[in-house]
Amino acid sequence: MRRYQKTDFPLVETRRHLETGPIVLVTSSWRGERNIMTMGWHMMMQFRPALFGCYIWEGNHSHELIRRSRECVINVPTADLVEAVVAVGNSSGRSSDKFATCGLTAAPATRVKAPLIDECYASFECRLADDSQIDEYGLFIWEVVKGHVASTVTEPATLHYQGRGQFRVAGRTLDLSERFLPQNL
Ligand SMILES: Cc1cc2nc3c(=O)[nH]c(=O)nc-3n(C[C@H](O)[C@H](O)[C@H](O)COP(=O)(O)O)c2cc1C
């Protein structure tokens, strides 16, 4: 195994190595208005119930819609959608309908009012489980209440943001499951 000689690294650039993704598109809906934002800062927090945490900046229009509705859908795009991902993340839904401007199709969800995105291979309907960290950290803690995944997609080429406008694309799967303790699978 190779050993690395490392040098001092600027803390502000930590994201270049720890921001794992996948990049997701978060949809929201409040009083007839709908929106989409691009999001990279998130993590799974628990298996059962499935809890998911994410950071949503208060300056984003989505923050207001999501905070009021206490619902959202987390949609997972693949690399073929990178242009839409960048367009969604670099425009505001305050003045335009990003579904129309970014060429994405809204489909009804079953448990929440926010829409699924048809072009994303996976979508997860979420309800707010804990709002206690929003004021301090912008951290929303969600319970995933319904999942929709296209079973035909076995190795999704998801996007993983590195900052500076650069993405990595997920590649092949390495399956080492036989060497895992059951509790770690
Ligand atoms: C690759 C990428 C990742 C982003 N990740 C986040 C994030 O994790 N949290 C966040 O609040 N904004 C994030 N943003 C910024 C929002 O997507 C952006 O401000 C968006 O325009 C918000 O739209 P809205 O004002 O219509 O809600 C990201 C943008 C890009 C391009």
Side-chain angles (χ1 to χ4, degrees), residues 11-45 50-106 109 112-117 119-142 144 156-171:
L11 299 182
V12 73
E13 297 282 356
T14 304
R15 64 178 304 185
R16 305 243 336 136
H17 299 279
L18 293 186
E19 194 173 326
T20 54
I23 281 291
V24 296
L25 295 173
V26 187
T27 50
S28 51
S29 174
W30 174 245
R31 294 196 172 159
E33 187 182 352
R34 63 187 189 179
N35 197 21
I36 324 172
M37 67 169 275
T38 300
M39 187 174 76
W41 287 13
H42 60 74
M43 63 176 164
M44 286 305 301
M45 296 178 69
L51 293 186
F52 173 86
C54 71
Y55 166 75
I56 303 176
W57 177 50
E58 64 180 2
N60 287 338
H61 187 47
S62 300
H63 187 280
E64 192 185 330
L65 304 185
I66 288 171
R67 194 155 189 182
R68 289 180 188 276
S69 64
R70 300 173 74 85
E71 296 178 344
C72 74
V73 178
I74 306 293
N75 302 273
V76 190
T78 39
D80 51 312
L81 295 177
V82 71
E83 299 283 347
V85 164
V86 172
V88 167
N90 286 279
S91 59
S92 170
R94 265 191 198 93
S95 47
S96 64
D97 177 3
K98 288 196 241 181
F99 283 93
T101 57
C102 301
L104 296 170
T105 312
V112 301
K113 289 213 173 76
L116 316 183
I117 298 177
E119 288 78 8
C120 291
Y121 82 96
S123 299
F124 299 94
E125 301 181 28
C126 298
R127 288 214 184 101
L128 197 59
D130 186 341
D131 62 7
S132 64
Q133 304 301 309
I134 297 175
D135 284 341
E136 179 99 10
Y137 298 110
L139 176 64
F140 290 68
I141 300 173
W142 301 99
V144 180
T158 48
L159 294 161
H160 300 258
Y161 192 54
Q162 293 189 277
R164 301 187 193 172
Q166 297 171 343
F167 298 85
R168 284 210 202 134
V169 180

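Computed from a prediction, not measured in an experiment: that's the story for all the values here. Indexing begins at 1, ligand by ligand and atom by atom, following the structure's order.
Atoms of ligand 1 found under 4.0 Å from any heavy atom of G93, numbered from 1 in the order shown, are 24 (P), 26 (O). Residue contact check: N35 has heavy atoms under 4.0 Å from atoms 24 (P), 26 (O), 27 (O) of ligand 1. Residue I56 has at least one heavy-atom neighbour below 4.0 Å for each of these atoms of ligand 1: 11 (O). Listed by number with element, the atoms of ligand 1 under 4.0 Å from a non-hydrogen atom of I23 are 1 (C), 3 (C). For ligand 1, the atoms sitting less than 4.0 Å from at least one non-hydrogen atom of W41 are 8 (O), numbered in the order shown with element in parentheses.
For the residue pair E119/T105, the side-chain donor-acceptor check at 3.5 Å is satisfied. In this model, a donor atom of one side chain and an acceptor atom of the other lie less than 3.5 Å apart for D130 and S132.
G59 and R94 make their closest contact through O-NH2, 3.4 Å (heavy atoms, listed as atom of the first residue, atom of the second, distance).
Within the 4.0 Å heavy-atom criterion, the part of Y161 lying near ligand 1 is the side chain and not the backbone.
For ligand 1, the polar-atom distance check finds no N/O of G59 at less than 3.5 Å from any of the ligand's N/O atoms.
At least one side-chain heavy atom of L25 sits less than 4.5 Å from a side-chain heavy atom of T38.
When the heavy atoms of G163, G89, S95 are ranked by distance to atom 18 (C) of ligand 1, first place goes to G89. In this comparison of H42, Q166, M37, the heavy atom closest to atom 10 (C) of ligand 1 sits on M37.
Distances from ligand 1 to the non-hydrogen atoms of V88 include at least one value under 4.0 Å. In this structure, V86 does not count as a contact residue of ligand 1, since none of its heavy atoms falls inside 4.0 Å of the ligand.
For T158, the side chain to side chain contact (heavy atoms under 4.5 Å, CB included) partners two or more places apart in sequence, or in a different chain, are P22, V76, Y121, P156, H160, A170.
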